[in-house]
2 protein chains.
Amino acid sequence: MTDSNPNASLTAPSIPGDALPPVEQHAQQYATVRNAHETELIEDYVELIGDLLAHRGEARAADIANRMAVSQATVSKMIRRLNELELVTSKPYRSLFLTEAGQKMAETSRARHDIVLHFLRALGVRDATARIDAEGMEHHVSDETLSIMQRFTEQQQKN
Amino acid sequence: MTDSNPNASLTAPSIPGDALPPVEQHAQQYATVRNAHETELIEDYVELIGDLLAHRGEARAADIANRMAVSQATVSKMIRRLNELELVTSKPYRSLFLTEAGQKMAETSRARHDIVLHFLRALGVRDATARIDAEGMEHHVSDETLSIMQRFTEQQQKN
DNA sequence: CAAACAGTTTAGCCTTGGCTAACAATATTG
DNA sequence: CAATATTGTTAGCCAAGGCTAAACTGTTTG
């Protein structure tokens with residue numbers, strides 16, 4: 001008997017209002033995070049490629065490597081994966097482009113990222129900090145929270 | 001010439017108020033996230049072990065496996081790492097305990113986690129969602145943002 | 001137009017964090 | 001107290017995402 005120990009209160013005084021969540025729920029939390037981690041990097045690449053295309057007209061591997069502070073070899077390998085996932089198209093030694101699916105993902109990520117970033121600024125976080133936090137947080141914010149953040153930001157701007 | 005293309009505006013119309021951050025800052029963002037990812041899992045384990053000890057009086061590998069929805073083998077391997085990092089002490093087939101350093105980490109993580117969770121609830125996010133989001137977000141929230149969240153929650157509770 | 005430079009790719013390595021299967025130790029119980 | 005069930009460990013596999021070094025392609029320029 002490992003969990004759900006009826007004698008727990010004998011060995012450790014229960015801490016009121018701060019109990020462990022039920023196992024299934026707890027497991028769900030961790031599983032969701034692990035899941036997010038799998039798509040996270042992919043989304044970051046796609047989002048960045050989308051941004052480079054929008055702002056520069058082209059997305060080169062070297063740009064990505066610089067902006068992600070990662071070696072070109074790493075980028076090259078990643079591009080192969082993005083290709084396999086049919087998120088980008090690429091001819092060797094040429095700029096990258098996004099497929100339909102890639103564009104969709106880029107837009108979604110971008111929107112999500114912006115909502116979080118604007119929310120943090122509306123909350124009073126300094127820009128540089130907000131950017132760093134947003135980059136890390138964006139993949140872990142549910143749609144529910146996202147729409148609450150959006151409403152909050154709009155509300156803030158009215159005042 | 002890869003970045004900082006002076007002709008960018010000729011190929012892509014600049015999107016006002018939404019430019020790419022300077023390369024160094026951009027790189028910093030990604031680097032920070034990558035860095036967080038390295039400690040994230042460790043912190044989650046240590047935090048969970050701390051919680052189990054507090055609420056149950058003991059932390060068994062099987063509990064951790066159940067709550068993280070991960071195989072016992074994975075937990076066993078991870079415990080070896082935590083041991084090497086001198087965050088936990090363990091005798092085979094016995095409950096785990098936290099070292100000084102482990103306790104410190106557990107407390108910090110726990111506090112951080114709680115601030116984010118309470119903030120999300122104060123913001124109006126449903127409990128189940130808040131728990132999932134908090135689990136993912138906690139490792140990506142800077143101290144600056146954290147203290148703003150805390151203030152916000154306190155403010156909210158006064159009203 | 002050849003040489004030099006910049007950009008890209010490939011090969012091969014490493015660590016992490018998962019997994020299953022097989023085995024070992026401890027606990028529970030008929 | 002022996003049999004069974006639970007718990008823990010080990011071995012060996014895999015994919016992801018880093019890296020460096022070396023080879024290759026494309027572009028620029030003397």
Side-chain angles (χ1 to χ4, degrees), chain A residues 1-7 23 27 30-46 48-49 52 56 58-85 87-97 139, chain B residues 1-5 7 23 27 30-46 48-49 52 56 58-85 87-97 136 139:
Chain A
M1 184 249 316
T2 311
D3 220 17
S4 68
N5 175 355
N7 293 331
V23 192
Y30 289 111
T32 303
V33 174
R34 267 200 311 278
N35 220 51
H37 281 157
E38 280 178 29
T39 48
E40 211 167 307
L41 235 209
I42 302 283
E43 283 177 16
D44 281 344
Y45 271 87
V46 169
L48 177 54
I49 291 167
L52 287 170
R56 295 257 192 282
E58 61 172 15
R60 312 298 302 251
D63 287 14
I64 299 173
N66 285 333
R67 294 204 164 256
M68 291 214 166
V70 127
S71 76
Q72 290 195 348
T74 297
V75 172
S76 204
K77 200 196 261 190
M78 199 63 190
I79 289 170
R80 208 186 316 150
R81 276 200 71 208
L82 297 178
N83 247 304
E84 283 161 14
L85 295 170
L87 292 166
V88 312
T89 58
S90 65
K91 290 176 206 163
Y93 301 96
R94 286 282 122 73
S95 170
L96 298 165
F97 293 98
H139 306 284
Chain B
M1 184 251 314
T2 313
D3 221 16
S4 70
N5 176 354
N7 293 330
V23 192
Y30 289 112
T32 303
V33 174
R34 266 199 312 278
N35 220 50
H37 281 159
E38 278 177 29
T39 47
E40 211 166 308
L41 233 208
I42 303 281
E43 284 177 17
D44 281 344
Y45 270 87
V46 169
L48 178 54
I49 292 168
L52 288 169
R56 296 257 192 281
E58 61 171 14
R60 314 298 303 252
D63 287 13
I64 298 172
N66 285 332
R67 291 200 166 260
M68 291 216 166
V70 129
S71 76
Q72 290 194 348
T74 297
V75 173
S76 204
K77 200 195 264 190
M78 199 63 191
I79 289 170
R80 208 186 317 149
R81 276 201 71 207
L82 296 177
N83 247 305
E84 283 161 13
L85 295 171
L87 292 166
V88 311
T89 58
S90 65
K91 289 177 206 164
Y93 300 97
R94 286 282 121 73
S95 171
L96 297 166
F97 293 97
H139 306 283

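Order of the sequence lines sets the chain letters (A, B, ...), proteins ahead of strands, with each chain counted from 1. Fair warning: this is a prediction, and the values are worked out from it, not measured in the lab.
Summary of the strand contacts: A/Lys77 and A/Arg34 both lie near DNA chain C, and taking for each the nucleotide with the nearest heavy atom, the more 5' one is attributed to A/Lys77. Residue A/Tyr93 is the one, among A/Arg80 and A/Tyr93, whose nearest nucleotide of DNA chain C lies closer to the 5' end (criterion: closest heavy atom).
Atom-to-atom, CG of A/Leu96 to P of C/dG7 comes out at 14 Å; the value is rounded to the nearest Å. Summarising the geometry, the separation between OH on B/Tyr45 and P on C/dT16 is reported as 14 Å, rounded to the nearest angstrom. Between the P atom of D/dG17 and the NE2 atom of B/His37 lies a distance of 10 Å, rounded to the nearest Å. The distance between atom CZ of B/Arg60 and atom P of D/dT9, rounded to the nearest whole Å, is 9 Å. The separation between B/Glu40 atom CD and C/dG18 atom P is 11 Å, rounded to whole Å. Taking atom CZ on A/Arg56 and atom P on C/dG7, their separation rounds to 13 Å, with Å as the unit. If you take CE of B/Met78 and C1' of C/dC19, they are 15 Å apart, rounded to a whole angstrom. In this entry the distance linking CG of A/Leu82 with P of C/dT9 reads 12 Å, nearest Å.
No engagement by A/Val75 is indicated, since no non-hydrogen atom pair under 4.0 Å with the nucleic acid exists. Residue contacts shown for B/Ile79 are absent, as no nucleic acid heavy atom lies under 4.0 Å away. Note on B/Ala73: a base of the nucleic acid sits closer than 4.0 angstrom, heavy atoms only.
For the pair A/Val88/A/Tyr45, no side-chain contact is recorded, criterion being any heavy-atom separation below 4.5 Å from C-beta on. Side-chain contact between B/Leu52 and B/Leu96 is absent, with no heavy atoms from C-beta onward closer than 4.5 Å.
OP1 or OP2 of D/dT27 has at least one side-chain nitrogen or oxygen of A/Arg94 nearer than 4.0 Å. Listed pair B/Thr74 / C/dC19 meets the phosphate criterion, a side-chain N or O lying under 4.0 Å from OP1 or OP2. Put simply, A/Arg81 has a side-chain N or O that comes within less than 4.0 Å of OP1 or OP2 on D/dA16. Contact annotation: B/Ser71 reaches the phosphate of C/dC19 (side-chain N/O to OP1 or OP2, under 4.0 Å).
Side-chain atoms of A/Ser95 come within 3.5 Å of backbone N or O of A/Ala59 as a donor-acceptor pair. Put simply, the side chain of B/Arg60 gets close to the backbone of B/Tyr93: a donor and an acceptor are under 3.5 Å apart.
Checking D/dG8, C/dT9, D/dG17 against the side-chain heavy atoms of A/Ser76 singles out C/dT9 as nearest.
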Could you list the donor-acceptor pairs under 3.5 angstrom formed by side chains in residues 68-81 of chain B, with sequence neighbours left out?
| residue | atom | partner | partner atom | Å |
| --- | --- | --- | --- | --- |
| B/Ser71 | OG | B/Thr74 | N | 3.2 |
| B/Ser71 | OG | B/Thr74 | OG1 | 3.0 |

